[in-house]
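Only one structure is covered here, and it is reproduced in the block below.
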There are 2 protein chains.
Amino acid sequence: MPALPVPTASASAPEAAHDNAPAFSPLYQQIKELITRSLQGGEWLPGQSIPSEMELAARFRVSQGTVRKAVDELATENLLVRRQGKGTFVATHAEERTQYRFLRLMSDAGGSPGLQRRLIGCRRQRVAADAARVLGLKSGDPVVEIRRVLLAADAPVVLDDILLPGALFKGLTAERLSAWKGPMYRLFEAEFGVRMIRAEEKIRAVAADASQAREMGVDAGAPLLSVERLSFTYGDKPVELRRGLYRTEHHHYRNELN
Amino acid sequence: MPALPVPTASASAPEAAHDNAPAFSPLYQQIKELITRSLQGGEWLPGQSIPSEMELAARFRVSQGTVRKAVDELATENLLVRRQGKGTFVATHAEERTQYRFLRLMSDAGGSPGLQRRLIGCRRQRVAADAARVLGLKSGDPVVEIRRVLLAADAPVVLDDILLPGALFKGLTAERLSAWKGPMYRLFEAEFGVRMIRAEEKIRAVAADASQAREMGVDAGAPLLSVERLSFTYGDKPVELRRGLYRTEHHHYRNELN
DNA sequence: AAGTGGTCTAGACCACCTG
DNA sequence: AGGTGGTCTAGACCACTTA
């Protein structure tokens, strides 16, 4: 006898459903939505454990199996992490096996390419029209632009240009960035409460222009891999626009198709 | 009271497990394995329906819920497709929404880029050492090499070079390929019984050499996206090595990160 | 020993499809 | 009406972790 709006069409005023509403969802999807809202609202912070399945079942007045199905899906979406015998935890960009959950760059030799970071710049400015559109900002809104290079064995491999909404990242400065050890996305979630959930990438081959060539240590016109990433937080809200240029003589972008 | 080796460690000779065997798997994983073997053995062909959950439960002497969990996982791995009210079906590379399940190329305008095919060649030869290694062949084994161009609005966009083990693709000729309408992977599964399950891709930016430039209609040295794909069939057996070169002025490779 | 997630069962009812 | 997959429940037991 759940306290939530019941999932069956017959018991839920079907006669009021002749607008284009998506009809009622199953109970476990409603639970999923409620848990997601608690995550978004900060009730449980990254790295912390959430209540046990039995507690959640009592709280939502459903059976443990229903909670289980909701948590299962949130775990496959990488919002939660289950650990047998210990509990269920809010996923974090810390640890994440040596950092870099989103960076698909691999060394040709195999394995991930231990990278060093060199910050080029971090400044606030007004967003251009095209970037404003994809980030859901108004043209001219403040943004933070970060530029940096990633190096493998002192040779440049990645040139990143990162754009973040200024309203969400007040107080993000070059000093904060330089002082931070660990994944950049960990800094974002720990210090600014912005958690990157998923991202879309558009990949191209481009020719290096003069300034890119200089920073990457290649000739102008050399082929570079362009990776344009739009990252989303809870509720599919876009919060980062990033363009990476990769040297791929000794590295490659690895992908799996299912 | 399942007829299978029971899943619990206590009931399954734990004293024999001090070698490095992975211990016993849960029942639903054993069911998964049995279903996979039936798929591999051709008991149910692509597009056909498999027995209902109740029938499978009776056949394997387990509950419907256990079969359900096994089928669920096989469905998320794209080996099976569930259709409510109708049954569960063996996945196929036919239909697959306008073909192209593995081709991640998108038009910059948005949407998939209706492509025409032009076969350049299809011939049998001996495999080179490096290709033999990744395909699990002996150096000098026969392979089929297919070369083709994909065009959007009569302009070349993709140059494909495809290598297949000759032993699995007897009778594959340029004529067969030209006559075939529909996805190439559909031809493979329907005529040769080879179903592509998953693939790994290594992506790079490269400069076009003289002959590639000619076939792609670009200048020599122009940047092209190189997509090296290794495709696997049942049992993670590699069965295709493919190298695609993409023009990315008006198209891009789309990827999603979770 | 107690608490957590993981597996398995049995049974009920719902939603969808077909004859 | 009867079959299929989809959801939900209640209860049992197992495996892993911590104290």
Side-chain angles (χ1 to χ4, degrees), chain A residues 1-14 17 22-33 35 44 48-76 80-91, chain B residues 1-14 17 22-33 35 44 48-76 80-91:
Chain A
M1 208 180 290
L4 304 162
V6 291
T8 64
S10 54
S12 59
F24 276 52
S25 25
L27 254 187
Y28 76 90
Q29 284 195 18
Q30 301 179 36
I31 306 294
K32 226 180 119 176
E33 180 60 29
I35 295 177
W44 313 302
Q48 292 179 349
S49 73
I50 72 171
S52 74
E53 293 181 354
M54 290 304 286
E55 286 176 280
L56 289 173
R59 165 164 162 182
F60 297 133
R61 315 284 210 93
V62 300
S63 79
Q64 189 211 7
T66 300
V67 168
R68 183 162 189 79
K69 178 143 186 174
V71 171
D72 272 346
E73 294 205 351
L74 290 171
T76 64
L80 297 176
V81 177
R82 321 192 69 142
R83 274 178 239 168
Q84 182 173 146
K86 300 180 72 174
T88 302
F89 298 77
V90 183
Chain B
M1 207 180 292
L4 305 163
V6 289
T8 63
S10 54
S12 59
F24 275 52
S25 24
L27 253 188
Y28 77 89
Q29 285 195 17
Q30 301 179 36
I31 306 294
K32 226 180 118 175
E33 178 60 29
I35 295 176
W44 314 302
Q48 293 180 348
S49 72
I50 71 170
S52 73
E53 294 181 354
M54 290 304 287
E55 286 175 280
L56 289 174
R59 166 163 161 183
F60 296 132
R61 314 286 208 95
V62 299
S63 79
Q64 191 211 6
T66 300
V67 169
R68 184 163 188 77
K69 177 143 188 174
V71 171
D72 272 346
E73 295 206 350
L74 291 171
T76 65
L80 297 176
V81 176
R82 320 192 70 141
R83 274 178 238 167
Q84 182 173 142
K86 299 179 72 173
T88 302
F89 298 78
V90 183

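Order of the sequence lines fixes the chain letters, A, B, ..., with proteins taken first and strands second; residue numbering starts at 1 for each chain.
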Counting just side-chain N and O atoms, does [X] come under 4.0 Å of either OP1 or OP2 of [N]?
| X | N | answer |
| --- | --- | --- |
| A:Thr88 | C:dG5 | yes |
| A:Lys86 | D:dT18 | yes |
| A:Thr66 | D:dT7 | no |
| B:Ser52 | D:dT4 | yes |

Just how far, in rounded Å, is [atom2] of [N] from [atom1] of [X]?
| X | N | atom1 | atom2 | answer |
| --- | --- | --- | --- | --- |
| B:Gln30 | C:dC8 | CD | P | 8 Å |
| B:Leu74 | D:dG5 | CG | P | 14 Å |
| B:Gln29 | C:dC8 | CD | P | 9 Å |
| A:Ile31 | D:dT9 | CD1 | P | 8 Å |
| B:Phe89 | D:dG3 | CZ | P | 17 Å |
| A:Gln64 | C:dG3 | CD | C1' | 12 Å |
| A:Arg68 | D:dC13 | CZ | C1' | 14 Å |
| A:Tyr28 | D:dT7 | OH | C1' | 8 Å |

Heavy atoms from C-beta onward define the side chain here; which of C:dG6, C:dC8, D:dC8 lies closest to that of A:Gln84?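 It is C:dG6.
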
Give the nucleotide from the list C:dT7, D:dA10, C:dG6 with an atom nearest to the side chain of A:Ser63.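 So the side chain of A:Ser63 is nearest to D:dA10.
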
Would you check, one step at a time, whether the test side chain to side chain contact (heavy atoms under 4.5 Å, CB included) holds for A:Ile35 with A:Phe60? CA-CA 10 Å; A:Ile35 295 177; A:Phe60 297 133; 4.1 Å; yes

Work out which heavy atom in A:Ser25 is nearest to a heavy atom in A:Gln30; give both atom names and the distance.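 That would be O-NE2, 3.0 Å.
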
Given side chains that start at C-beta, do those of B:Tyr28 and B:Asp72 come closer than 4.5 Å, heavy atoms only?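 Of all side-chain heavy-atom pairs linking B:Asp72 with B:Tyr28, none is under 4.5 Å.
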
Okay, side chain of A:Gln48, backbone of A:Val90: is any donor-acceptor separation there less than 3.5 Å?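 Not a single qualifying donor-acceptor pair exists.
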
Looking at B:Glu55 and B:Ser52, would you say the former's side chain and the latter's main chain have a donor-acceptor pair under 3.5 Å? yes

